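The structure appears right after this line, and notes come after that.
In what follows, chains are A, B, ... by sequence order, proteins preceding strands, each numbered from 1. Because the structure is a prediction, the values reported are computed rather than measured.
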Amino acid sequence: MTKENPYPYIRVQKEDFDLSTEVKQLRAGHKDIGAVVSFVGTVRDINEGDDISVLELEHYPGMTEKALEKIRQKAHNRWPLQSSLIIHRIGEMKPCDQIVLVAVTSKHREAAFNAAHYIMDYLKTNAPFWKKETFPDGATRWVDARVSDKEAESRWNV
Amino acid sequence: MTKENPYPYIRVQKEDFDLSTEVKQLRAGHKDIGAVVSFVGTVRDINEGDDISVLELEHYPGMTEKALEKIRQKAHNRWPLQSSLIIHRIGEMKPCDQIVLVAVTSKHREAAFNAAHYIMDYLKTNAPFWKKETFPDGATRWVDARVSDKEAESRWNV
Amino acid sequence: MLDILYFANFREVLGQGQEQLPSDNFKTVDCVLNALGERGEQWKMALVENQNLQIAVNHNVATRTTAVKPGDEIAFFPPVTGG
Amino acid sequence: MLDILYFANFREVLGQGQEQLPSDNFKTVDCVLNALGERGEQWKMALVENQNLQIAVNHNVATRTTAVKPGDEIAFFPPVTGG
């Protein structure tokens with residue numbers, strides 16, 4: 001990350017991340033934090049009944065960071081948060097690999113749980129990432145968007 | 001922990017814990033996990049407007065483990081979870097110290113978010129822990145139970 | 001005998017964390033509470049007249065009407081505040 | 001000129017991830033889409049007739065009626081599946 005990074009709490013990267021390290025950094029300097037909720041999305045070995053060998057994550061550079069920051073800001077406008085972070089990996093991953101991290105801190109747990117859940121629901125339907133699966137025989141399949149993800153997002157518009 | 005520990009996913013301990021290490025262990029052997037939600041409760045430097053120097057956690061040995069395991073089982077009965085873990089520290093802590101960890105894994109995020117939130121809400125009102133604050137001048141105060149915690153718990157009874 | 005436990009501010013106010021009582025005359029938690037309440041104002045306020053009193057018998061949540069028998073462990077404590 | 005981007009299976013099906021179009025005649029995204037649709041059946045199905053088509057103009061979510069001007073970056077892609 002360069003110093004002029006306009007979105008210091010958004011990271012789109014090929015590298016893996018360490019949960020403890022990221023949460024520690026996110027908490028640094030905030031003595032009034034009482035609750036830290038984090039979500040880690042991981043690659044499952046089976047999807048829609050098929051064995052997965054490789055999961056490839058493609059994204060839209062430039063738009064991705066902007067979309068993620070917009071989602072993050074929406075969460076901060078809606079709940080009293082101390083800090084938050086979104087890391088999303090791109091490139092090739094294998095089953096059990098970490099794909100995404102959303103971590104949120106707040107004084108109390110209610111805001112932290114809701115904000116982390118909200119960010120994930122919006123990320124799923126609004127951030128320009130696409131998943132492509134490779135099966136053991138080498139065949140590939142682009143993952144279909146799930147109707148349930150759209151429904152999960154709309155749940156917050158009440 | 002001894003081998004005959006009846007509650008391997010419940011730990012009540014003086015020692016601190018490392019989030020990454022615990023989550024890694026909780027995920028081990030489950031290749032079908034797609035979502036990991038974890039909650040870490042931490043000591044705030046100020047409570048009810050007063051500076052806190054020390055927070056002491058007392059508990060009811062024997063009943064605590066049983067109560068936590070009951071909450072954990074309830075969550076597993078209610079949502080399709082792969083694994084879950086509750087660690088609660090006891091003894092003296094300082095601001096910014098970690099107090100409690102609830103980590104839950106599932107195939108999809110909805111179950112993981114709900115289960116972790118549920119376990120925390122029930123832990124707050126059902127597990128026999130008590131907090132005692134020490135102020136900078138040495139005076140002490142037992143923390144009062146919050147009405148909002150009772151309300152948070154009852155939200156799940158619908 | 002009955003094992004009686006007190007936690008948190010109960011332990012501090014009552015000056016003890018643990019004691020044993022002969023169990024002969026106590027059919028329910030309420031009988032135990034009334035006997036303890038006769039020890040003085042502090043005991044009466046903390047246990048008998050305390051609307052927020054929490055009770056456990058043998059590590060299970062209980063009420064004033066819960067039956068007790070010899071060998072039971074009965075705990076009295078304020079609302080919990082962990083997490 | 002307009003910068004046109006295609007992502008995910010659009011990129012694969014259309015055989016390219018990026019191209020430039022002269023911007024003179026295009027007032028809206030829809031004009032661009034119709035021009036692209038004339039390239040053949042594949043283009044028509046992926047872009048013009050695709051009810052799930054997602055559009056962004058200069059990194060912002062857009063629709064078919066969104067206005068375009070010279071220098072704009074227009075992206076076409078399927079529903080997102082990250083997270």
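Looking only at distances, a side-chain donor or acceptor of D:Thr81 sits under 3.5 Å from a matching main-chain atom of A:Lys131. Checking side-chain atoms of A:Trp130 against main-chain N and O of D:Pro78 turns up a donor-acceptor pair under 3.5 Å. A side-chain donor-acceptor contact under 3.5 Å links A:His88 to the backbone of D:Gly83.
Looking at D:Asn58, the atoms closer than 4.5 Å to chain A (heavy atoms on both sides) all sit in the backbone: N, CA, C or O. The part of A:Lys132 that comes within reach of chain D is its side chain, from C-beta onward, which places non-hydrogen atoms under 4.5 angstrom from that chain. With a 4.5 Å cut-off on non-hydrogen atoms, D:Glu12 touches chain A through its side chain but not through its backbone. Proximity to chain D (any heavy atom under 4.5 Å) is shown, for A:Asp149, by neither the backbone nor the side chain. Contact of A:Lys150 with chain D is not made at all, since no heavy-atom distance falls under 4.5 Å.
Within a 6.0 Å radius of CZ in A:Phe17, other residues, nucleotides and ligands contribute more than 12 heavy atoms. Counting heavy atoms of neighbouring residues, nucleotides and ligands inside a 6.0 Å radius, atom CE of D:Met45 does not exceed 12 of them.
Among the candidates A:Asp144, A:Leu123, A:Val143, the residue making the largest number of heavy-atom pairs closer than 4.5 Å to chain D is A:Val143.
Across all non-hydrogen atoms, the minimal contact from D:Val80 to A:Asn126 is CG2-N, 3.9 Å. Nearest heavy atoms, A:His59 versus D:Phe7: O-CE2, 3.5 Å. The two residues D:Ala56 and A:Met63 make their nearest non-hydrogen contact at CB-SD, 3.5 Å.
Between A:Thr64 and D:His59 the shortest side-chain heavy-atom distance does not fall below 4.5 Å. Residues D:Asn60 and A:Lys70 meet the side-chain proximity criterion, which asks for heavy atoms closer than 4.5 Å.
Using bins of under 30°, 30° to 60° and over 60° for the plane-to-plane angle, the ring pair A:Tyr60/D:Phe77 lands in the perpendicular bin.
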